[in-house]
Amino acid sequence: MEKNNSNIEQNIKRRNFISFTTFAVLSASALGGWKWLYKAGKEEMGITARARSPLRVAMNKSEVFFRNFFSNNHLVKTYPRSQAAKNVRINSRIGLEKEGFNTEEWELSVIKDTNDILKLNMADIKALPKTEIIFDFKCVEGWDQIQHWAGVRFIDFVSHYKLESQSKMQYVGMKTPNSKYYVGLDMPSALHPQTILAYEMNGEPLTLDHGAPLRLIIPVKYGIKNLKRIGTISFSNRRPGDYWARQGYDYYSGL
Ligand SMILES: Nc1nc2c(c(=O)[nH]1)N[C@H]1C(S)=C(S)[C@@H](COP(=O)(O)O)O[C@H]1N2
Ligand SMILES: [Mo]
């Protein structure tokens, strides 16, 4: 009896020792991991919300995975016109201030190169082939709605204005005329066959709240990337600034 008891005690001691050691080793390595992460540099400011670089590397890897998974050929589901909402939601209006803006005087600036800016008006854009899309628009705030938009496909715009060399770059940047709202897009998503520069909603010209005279409709992305009131379009191999990515939202924001 005595002997048995002490055996059990010894066993317990040994187990305690093992679990304590395991705990200590795990804690130390977790602490080491945090220290490593915190010592790692922060990513560049002005593009995203300054995540530690190793985290950004991991996020970029998952982004590449999803990009390949939902390749350029993958089409977003479309719906019959009868299912499109009549009262289309208005979400937010950053960069849509009324002061100093006149739809009639609006021009689109396409920055082809530092000293080469293409200026276009609505007539130029409406002269291109018109494409319609009825799809489920999704906002990260948790709502979605089937909506009907029409305009020119970005890929048609690029080929008509001979922007081939620009479209070989990795990113497209778009900004409101006052630069208060801006988005960065990976080129494959911008050139996706369902991405359009839209000037109509439910068969009518856009209203100011929905981004008149021209807005982006990019069904492969969440609402935040669907910039209203486009003022400038630019191209680059570095990630252009992105309003919501800077606040910590995912830069890619793909569906
Ligand atoms: N210029 C500008 N574009 C914008 C926004 C904005 O605040 N300003 N909000 C975005 C968000 S979060 C969403 S969900 C959609 C909403 O578009 P809607 O108002 O036409 O529904 O526009 C996007 N484009
Ligand atoms: Mo949104």
Side-chain angles (χ1 to χ4, degrees), residues 47-49 76-79 81 83-103 105-111 120 122 125 131-152 154 157 171-186 189-190 192 194-234 239-255:
I47 297 179
T48 54
V76 166
K77 186 174 186 221
T78 56
Y79 297 80
R81 226 182 258 190
Q83 285 194 39
K86 298 283 170 285
N87 293 315
V88 182
R89 275 186 84 139
I90 295 165
N91 206 60
S92 69
R93 298 180 176 86
I94 307 159
L96 299 190
E97 292 75 12
K98 298 234 156 68
E99 306 79 63
F101 184 74
N102 180 343
T103 341
E105 287 164 16
W106 171 92
E107 270 187 326
L108 176 66
S109 300
V110 182
I111 304 170
L120 302 170
M122 269 322 290
I125 288 155
T131 304
E132 286 185 85
I133 184 157
I134 298 139
F135 76 105
D136 193 13
F137 187 102
K138 296 184 178 77
C139 171
V140 285
E141 286 168 40
W143 58 269
D144 68 289
Q145 193 177 50
I146 297 173
Q147 301 177 346
H148 175 191
W149 302 91
V152 55
F154 189 66
F157 177 86
Y171 298 99
V172 179
M174 294 193 189
K175 288 184 181 180
T176 56
N178 65 6
S179 300
K180 289 201 175 149
Y181 195 84
Y182 42 93
V183 297
L185 309 159
D186 56 284
S189 299
H192 184 280
Q194 291 171 309
T195 299
I196 62 179
L197 302 176
Y199 48 82
E200 279 180 12
M201 191 190 81
N202 288 338
E204 300 285 339
L206 292 188
T207 58
L208 281 172
D209 285 336
H210 284 297
L214 191 71
R215 75 169 299 167
L216 179 68
I217 286 294
I218 181 160
V220 295
K221 301 282 185 196
Y222 277 105
I224 44 177
K225 296 283 190 184
N226 291 242
L227 184 123
K228 301 191 274 192
R229 196 189 281 178
I230 309 172
T232 61
I233 301 182
S234 60
R239 286 186 156 181
D242 185 276
Y243 186 90
W244 285 111
R246 200 168 271 182
Q247 319 292 318
Y249 282 81
D250 177 36
Y251 190 93
Y252 184 59
S253 284
L255 289 175

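Counting begins at 1 with the first residue of the sequence. Just follow the structure's listing: the first ligand is 1, and inside any ligand the first atom is 1.
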For residues 134-144, which side-chain N or O atoms pair as donor and acceptor with protein atoms under 3.5 Å away, sequence neighbours left out?
| from | atom 1 | to | atom 2 | distance (Å) |
| --- | --- | --- | --- | --- |
| Asp136 | OD1 | Gln145 | N | 3.2 |
| Glu141 | OE2 | Asn91 | ND2 | 3.2 |
| Trp143 | NE1 | Asn91 | OD1 | 3.0 |

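Other residues, nucleotides and ligands contribute only 12 or fewer heavy atoms inside 6.0 Å of the CG atom of Asn87. For Phe101, the CZ atom is densely surrounded, since the number of other residues' heavy atoms within 6.0 Å is greater than 12.
The distance criterion of under 3.5 Å between nitrogen or oxygen atoms is not met by Trp143 with respect to ligand 1. Below 3.5 Å of separation, one finds an N or O of Ser92 facing an N or O of ligand 1. Among the atoms of Glu141, none of the N or O lies under 3.5 angstrom from an N or O of ligand 1. For a threshold of 3.5 Å applied to N or O pairs, the pair formed by Asn226 and ligand 1 contains at least one separation below that value. Between Cys139 and ligand 1, a contact under 3.5 Å exists for no N or O pair.
Among protein heavy atoms, atom 12 (S) of ligand 1 sits closest to Ile224 CG2, 3.5 Å. The protein heavy-atom contact nearest to atom 3 (N) of ligand 1 is Lys228 N, 3.0 Å. Counting protein heavy atoms only, atom 10 (C) of ligand 1 is closest to Tyr181 OH, 3.5 Å.
Taking the side chain as every heavy atom from C-beta outward, Arg81 and His148 approach each other to under 4.5 Å.
Taking each of Ile94, Val88, Leu227 in turn, the one with a heavy atom nearest to atom 1 (N) of ligand 1 proves to be Ile94.
For the residue pair Thr207 and Asp209, no side-chain donor N or O sits within less than 3.5 Å of a side-chain acceptor on the partner.
Atoms of ligand 1 found under 4.0 Å from any heavy atom of Leu96 (numbered from 1 in listed order, with element): 1 (N). Less than 4.0 angstrom separates some heavy atom of His210 from each of these atoms of ligand 1: 18 (P), 20 (O). Within the listing of ligand 1, atoms 1 (N) sit less than 4.0 angstrom from a heavy atom of Thr176.
Classification of Lys221 and Asp186 as a salt-bridged pair holds, one side-chain N sitting under 4.0 Å from a carboxylate O.
If you look at Arg89 next to ligand 1, the close heavy atoms, those under 4.0 Å, all belong to the backbone. Both the backbone and the side chain of Asn91 come within contact range of ligand 1, each with a heavy atom under 4.0 Å. At a heavy-atom distance under 4.0 Å, no atom of Val140 approaches ligand 1.
Once rounded to the nearest 0.5 Å, the distance linking OG1 of Thr176 with CZ of Arg215 reads 13.0 Å.
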key: Test side chain to side chain contact (heavy atoms under 4.5 Å, CB included) applied to Tyr252 and Tyr222, step by step   = CA-CA 9 Å; Tyr252 184 59; Tyr222 277 105; over 6 Å; no

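Under the 4.0 angstrom criterion for non-hydrogen atoms, Gly95 is not in contact with ligand 1. In this structure, Arg215 is part of the shell of residues with a heavy atom less than 4.0 angstrom from ligand 1. Taking a 4.0 Å cut-off on heavy atoms, Phe137 registers as neighbouring ligand 1.
Closest approach of Asn202 and Ala84 over heavy atoms only: OD1-CB, 4.2 Å. The heavy-atom pair separating Ala150 from Glu132 by the smallest distance is CB-CG, 3.9 Å.
Here the rule is side-chain contact (heavy atoms from CB on, under 4.5 Å) with Leu208, and of Thr103, Leu96, Ile90 only Thr103 fits it.
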